[in-house]
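Remarks on the structure that follows.
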Amino acid sequence: MPVTIRHRGLAALAAPLVAVLGLGLGGCDFDPTGIFSEKYKPEVIPDVPADKLYSEGLAKMEDSDYEGAVKKFDSLDKTYQYSDWSRKALLMTAYANYEGQKYDDAINASKLYLQRHPSSKDAAYAQYLIAMSNYKQIPDVTRDQDRSEKALAALQELIQRYPTSEYASDAKSKIQITRDQLAGKEMDIGRYYLERRNFPAAINRFRDVVSKYQTTRHAEEALERLTEAYWALGIPQEAQNAAAVLGHNFPDSPWYKDAHALLANNGLEPREEKSSFLSKAFRSITGRTASAE
């Protein structure tokens, strides 16, 4: 019968297993696996209180051991996940990395903080750390300005999202510095083209400075260089217009004196075309109107 066959099968399988186990537990000392010779002893790691880990991290910070501080705060974050201690530790991880000049790590930790705690009272500070970590890596104008772009975007986001935060004022001043840096890069490229008599390419760069960075210290030179480039390209009306916009907005600028002299030596005077791109660009920030002039 089926039941009898099944029981016989189990008995047949069990017999050799019992024999093997009997051999392993009997007089033979051979135990290739070692599972019967030693008892498993789990490693017991004592829990360190959260406040103690936090204090240890702060102590590392005071000793300028930023890498050690990061390790303490990271351990605290992982051990006490979803607690307020974890939130504090993550922010301190970002700060310790920033102080240790590991700016990309500081950015990553700050972004993670904002993902986890977007409504936290310290969210503005996390955004500030992102901005400053990029700001600290801004290179000179002869190099790629990707960091400047990222710093500007992060600073502007800080102003937009946290306009009343204690970091807003500093962010505004650094926005101006960063914009000046980006304008400087455009001017550097524009001069390069101008020296090589690639006037259309130079004009494009100088126009970018005028359209995007009118409030920077480079705006005056950009208008004078436009006067030069347009004149060299044989477009005197545009040269006159650029010089006139320069004179209206920066009448005491030495760059205006150069632009005026260039035109005067060729029997022309600055003349503004109020419907021009240059005129509109500066009118939008100075509030000048045609009637007011």
Side-chain angles (χ1 to χ4, degrees), residues 50-51 53-78 80-141 143-185 212-218:
D51 58 343
L53 278 174
Y54 192 77
S55 296
E56 290 174 351
L58 294 179
K60 295 287 186 182
M61 291 286 294
E62 291 178 1
D63 293 337
S64 299
D65 181 7
Y66 302 116
E67 185 176 351
V70 167
K71 290 179 180 178
K72 290 293 182 181
F73 294 130
D74 187 55
S75 177
L76 175 55
D77 177 38
K78 292 177 180 177
Y80 296 91
Q81 290 184 1
Y82 312 112
S83 70
D84 197 48
W85 285 110
S86 173
R87 180 187 65 79
K88 293 179 180 179
L90 183 54
L91 188 63
M92 288 303 296
T93 296
Y95 177 60
N97 277 314
Y98 175 78
E99 288 294 313
Q101 298 183 15
K102 292 189 175 182
Y103 298 121
D104 287 340
D105 290 337
I107 291 170
N108 291 335
S110 297
K111 287 182 176 180
L112 182 58
Y113 183 90
L114 289 173
Q115 290 174 6
R116 290 186 187 176
H117 314 286
S119 302
S120 166
K121 60 183 178 63
D122 293 315
Y125 183 62
Q127 180 64 38
Y128 182 67
L129 284 176
I130 293 173
M132 289 303 299
S133 293
N134 281 301
Y135 183 84
K136 288 287 187 177
Q137 297 183 82
I138 291 178
D140 62 70
V141 294
R143 299 172 61 187
D144 180 77
Q145 295 299 305
D146 178 65
R147 284 293 179 179
S148 300
E149 295 282 1
K150 289 180 178 178
L152 180 60
L155 288 164
Q156 290 174 331
E157 186 173 356
L158 174 62
I159 298 298
Q160 181 180 0
R161 296 178 61 183
Y162 314 101
T164 61
S165 76
E166 60 186 295
Y167 313 105
S169 177
D170 188 46
K172 289 177 182 178
S173 66
K174 285 182 170 56
I175 282 175
Q176 185 62 22
I177 295 171
T178 305
R179 284 169 53 80
D180 194 87
Q181 179 77 4
L182 290 168
K185 178 63 176 180
K212 298 178 182 178
Y213 310 111
Q214 307 101 320
T215 60
T216 70
R217 61 190 174 92
H218 297 286

Asp104 side, atom CG; Asn108 side, atom CG - distance, nearest 0.5 Å: 6.5 Å
Donor-acceptor under 3.5 Å (Asp180 side chain, Arg217 main chain): yes
Geometric cation-pi criterion, Lys174 with Tyr135: 6.0 Å, 45°: yes
Full working for side chain to side chain contact (heavy atoms under 4.5 Å, CB included) between Glu56 and Leu76: CA-CA 10 Å; Glu56 290 174 351; Leu76 175 55; over 6 Å; no
Heavy-atom neighbours of Gln81 CD exceed 12 at 6.0 Å: yes
Side-chain touch Trp85/Leu53, heavy atoms, less than 4.5 angstrom: no
Any donor-acceptor N/O pair, Arg147 side chain to Lys136 backbone, under 3.5 Å: no
Nearest non-hydrogen partners of Gly68 and Asp65, listed with the distance: N-OD1, 3.0 Å
Ser133 side chain vs Ile130 backbone, donor-acceptor pair below 3.5 Å: no
Other residues, nucleotides, ligands: >12 heavy atoms within 6.0 Å of Gln176 CD: yes
Sidechain-backbone polar pair: Ser75 side chain, Lys71 backbone, donor-acceptor under 3.5 Å: no
Whether Tyr125 and Tyr95 hold their rings parallel, tilted or perpendicular, with breakpoints at 30° and 60°: tilted
Minimal non-hydrogen separation, Tyr80 against Ala50, with atom names: OH-N, 3.4 Å
Minimum-distance pair of heavy atoms, taken over all atoms of Ser148 and Pro139: OG-CD, 4.3 Å
Test applied, salt bridge (Lys or Arg N to Asp or Glu O under 4.0 Å); reference residue, Asp77; option that passes from Lys72, Arg116, Arg87: Arg116
Distance in Å, Phe73 CZ paired with Met61 CE, rounded so as to fall on 0.5 Å steps: 6.0 Å
Parallel, tilted or perpendicular: rings of His117 and Tyr113 (30°, 60°): tilted
Rounded distance (nearest 0.5 Å) linking atom CG of Leu129 with atom CG of Leu114: 9.5 Å
Heavy-atom pair of closest approach, residues Ser110 and Ala94: OG-CB, 3.3 Å
Rounded distance (nearest 0.5 Å) linking atom OH of Tyr128 with atom CG of Leu155: 8.5 Å
Distance, nearest 0.5 Å, that separates CG of Leu182 from CD1 of Ile138: 7.5 Å
Verdict with reasoning, His218 to Tyr213, per side chain to side chain contact (heavy atoms under 4.5 Å, CB included): CA-CA 8 Å; His218 297 286; Tyr213 310 111; over 6 Å; no
Shortest non-hydrogen contact between Ala123 and Pro118, atoms and distance: CB-O, 3.7 Å
Candidate pair Ile175 and Arg179, rule side chain to side chain contact (heavy atoms under 4.5 Å, CB included), full reasoning: CA-CA 6 Å; Ile175 282 175; Arg179 284 169 53 80; 3.7 Å; yes
Stepwise side chain to side chain contact (heavy atoms under 4.5 Å, CB included) test for Tyr54 and Met92: CA-CA 9 Å; Tyr54 192 77; Met92 288 303 296; 3.7 Å; yes
Ala183 backbone acceptor or donor facing Gln145 side chain under 3.5 Å: no
Lys102 side chain reached by Tyr66 side chain, heavy atoms, under 4.5 Å: no
Separation between NZ of Lys88 and OG1 of Thr93, rounded to the nearest 0.5 Å: 14.0 Å
Minimum-distance pair of heavy atoms, taken over all atoms of Leu158 and Ala124: CD1-O, 3.6 Å
